[in-house]
Amino acid sequence: MQNPNPITAVTPAAEDPSDPEAFRAEVRAFCERELPARVRAKVQANLYLEKQDYLDFLHALIPRGWVAGHWPREWGGRGWTPLQRFIFEEESAACGAPWLIPFGVSYVGPVIFTFGSAWQKARFLPPILSSTEWWAQGYSEPGAGSDLAALKTRAVRDGDHYVVTGQKIWTSYVQWADWIFCLVRTSEGTRRQQGISFLLIDMKTPGITVRPIRTMDGCHHVNEVFFDGVRVPVQNLVGEEGQGWTCAKFLLNNERVIAAETGRSIRQLAHLQALVDAEPARPEAGAFRERIAQLRLKLHALRAYCLQAARHMDPTQPAGADASLMKIRGSELQQAIAEATIDWLGPHAAVYDPALVHGDTPRSAVGPLAGPGLVREYLHGRAATIYGGSNEIQRNIIAKAELGL
């Protein structure tokens with residue numbers, strides 16, 4: 001189906017997909033010249049980022065049409081290949097750009113232009129591209145995390161509305177969101193995946209309550225969201241009623257393609273190297289150099305695998321076991337780098353005050369100036385093997401897809 005209301009990207013010419021290294025150099029040059037210096041400094045120091053920091057990054061991307069470069073051009077994207085998308089994600093993270101918060105550009109946007117109505121495409125895609133509306137993801141519930149099909153949030157049809165009642169949890173950055181996309185149960189089926197629907201819900205609707213959850217790093221990343229008789233127009237249903245699991249699988253596939261986060265590992269390994277280089281006379285410095293070398297080899301192997309997968313990936317098909325392998329190895333490597341960093345900091349890592357990671361400049365009560373930010377990165381990164389589908393679930397996917405178990 002052709003877009004009845006096409007969105008035109010700002011930059012008219014496409015990046016050349018036949019020259020990936022030229023594109024990598026372009027992304028690196030963008031980070032050096034156009035990424036706001038204040039934001040880049042906060043990322044490099046592992047400080048907590050506020051909404052305005054992410055907005056400043058997005059506003060820098062908009063003139064190039066890079067907010068959603070992997071979208072098809074007919075919907076306002078750049079039509080990037082999977083390899084270009086990987087290069088952008090990796091190089092920007094390695095150079096100190098913030099996480100490109102995915103809930104709008106990588107999750108619900110592609111769901112809408114793939115499964116949504118003409119009205120939904122015209123209404124929701126332009127504000128995602130212009131970063132004027134922010135989204136959150138309403139998937140996990142207290143009894144339905146990795147076992148997502150066990151969700152109990154219910155939507156009952158009442159005329160031209162659904163009435164939604166239930167609870168979501170671990171909802172990232174919903175405190176900043178204008179909209180939330182939710183999986184809700186609209187009926188019961190012989191299989192739990194049946195009867196689940198995909199709804200778009202305005203966060204200003206009466207009956208929605210958000211409660212913050214402070215994570216291990218003492219920062220506000222996630223929340224509980226309660227729906228108490230929330231009325232949602234039927235026109236906000238994406239796809240057919242009861243077919244939300246199809247949308248959910250499509251979205252999770254997109255999520256796992258970018259889950260290796262090799263750029264983040266490159267950046268954090270450089271931090272560790274700099275710490276060790278700054279104190280070469282420490283007795284344990286030699287052992288840490290060997291440890292860094294081992295981590296670097298693992299990172300090279302992961303990058304080679306990701307690049308090979310991206311070169312041959314068909315974006316119209318499920319990523320399959322490749323995505324699960326990248327998610328497992330990427331998240332475990334992030335944690336291994338963070339653990340090595342904490343070991344190097346030693347007793348200084350035990351003195352952590354979340355207040356020190358808020359603001360625009362690094363501060364430290366004891367030890368290296370970078371210490372609090374590195375501790376925050378370690379604590380927050382403990383969730384990397386859980387979110388986006390826990391690594392245990394990823395191993396089940398691999399066992400089923402590759403081993404037939």
Side-chain angles (χ1 to χ4, degrees), residues 20-21 23-24 27-28 31 43 46 66 68-70 80-103 105-107 110 137 146 172 249-272 292 294-315 317-341 377-378 380-399 401-402:
E21 290 311 307
F23 180 54
R24 185 181 292 277
V27 176
R28 187 178 298 127
C31 291
V43 173
N46 293 293
W66 283 3
H70 59 287
W80 285 347
T81 66
L83 179 58
Q84 287 175 304
R85 184 184 182 188
F86 175 82
I87 288 171
F88 171 78
E89 296 276 353
E90 179 181 74
E91 194 64 38
S92 60
C95 291
W99 185 43
L100 185 60
I101 293 181
F103 308 118
V105 297
S106 293
Y107 296 174
Q137 174 177 280
S146 295
S172 298
K249 289 192 297 182
F250 174 87
L251 185 152
L252 290 171
N253 181 65
N254 277 347
E255 181 176 12
R256 288 165 187 159
V257 166
I258 57 176
E261 293 191 292
T262 53
R264 187 183 195 131
S265 292
I266 291 170
R267 189 178 75 236
Q268 300 297 42
L269 192 56
H271 287 321
L272 175 57
I292 290 170
Q294 292 172 346
L295 291 168
R296 185 167 285 118
L297 285 172
K298 291 181 179 180
L299 177 57
H300 282 318
L302 175 61
R303 291 189 66 240
Y305 186 89
C306 292
L307 287 164
Q308 180 75 357
R311 287 189 184 99
H312 295 92
M313 189 177 293
D314 181 351
Q317 299 297 320
D322 277 343
S324 294
L325 284 165
M326 288 187 281
K327 199 276 179 180
I328 291 170
R329 299 301 292 170
S331 58
E332 290 180 348
L333 181 59
Q334 288 175 43
Q335 291 182 347
I337 294 169
E339 288 164 6
T341 304
E377 176 71 16
Y378 166 80
H380 184 244
R382 303 315 298 167
T385 50
I386 301 173
Y387 59 62
S390 72
N391 284 13
E392 289 77 12
I393 294 297
Q394 302 308 315
R395 288 184 170 89
N396 287 346
I397 292 172
I398 295 168
E402 297 297 320

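Quick caveat, the model's predicted, so the values are computed rather than measured.
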Does the side chain of [X] reach to within under 4.5 Å of the side chain of [Y], using non-hydrogen atoms?
X	Y	answer
E261	W99	yes
E377	T341	no
L83	F23	no
F86	W80	no
S92	L100	no
S106	R85	yes
Q268	N46	yes

Review point. Is the closest basic N to carboxylate O distance between E90 and R24 below 4.0 Å?
Key: yes

Review point. Salt bridge check: are R382 and E339 linked by an N-O gap of less than 4.0 Å?
Key: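 Salt bridge flag = yes for E339 with R382.
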
[atom1] of [X] to [atom2] of [Y]: how many Å apart, nearest 0.5 Å?
X	Y	atom1	atom2	result
D322	I398	CG	CD1	9.0 Å
I337	R267	CD1	CZ	10.5 Å
L299	R296	CG	CZ	8.0 Å
L333	I266	CG	CD1	10.0 Å
H312	L307	NE2	CG	11.5 Å
L272	S265	CG	OG	12.0 Å

Exercise for review: Please check if the side chain of Q84 supplies one atom and the backbone of T81 the other of a donor-acceptor pair under 3.5 Å.
Suggested key: yes

Point to revise | Enclosure of R329 CZ (heavy-atom neighbours >12, cutoff 6.0 Å) | key: no

Review point. Taking T385 as the fixed residue, which of Q334, Q335, E332 is the one that meets the side-chain hydrogen bond (donor to acceptor under 3.5 Å, both in side chains) rule?
Key: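 Of the listed options, the one satisfying the test is Q335.
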
**Study point:** Flag for S146-E392: side-chain donor and acceptor within less than 3.5 Å
**Key:** no

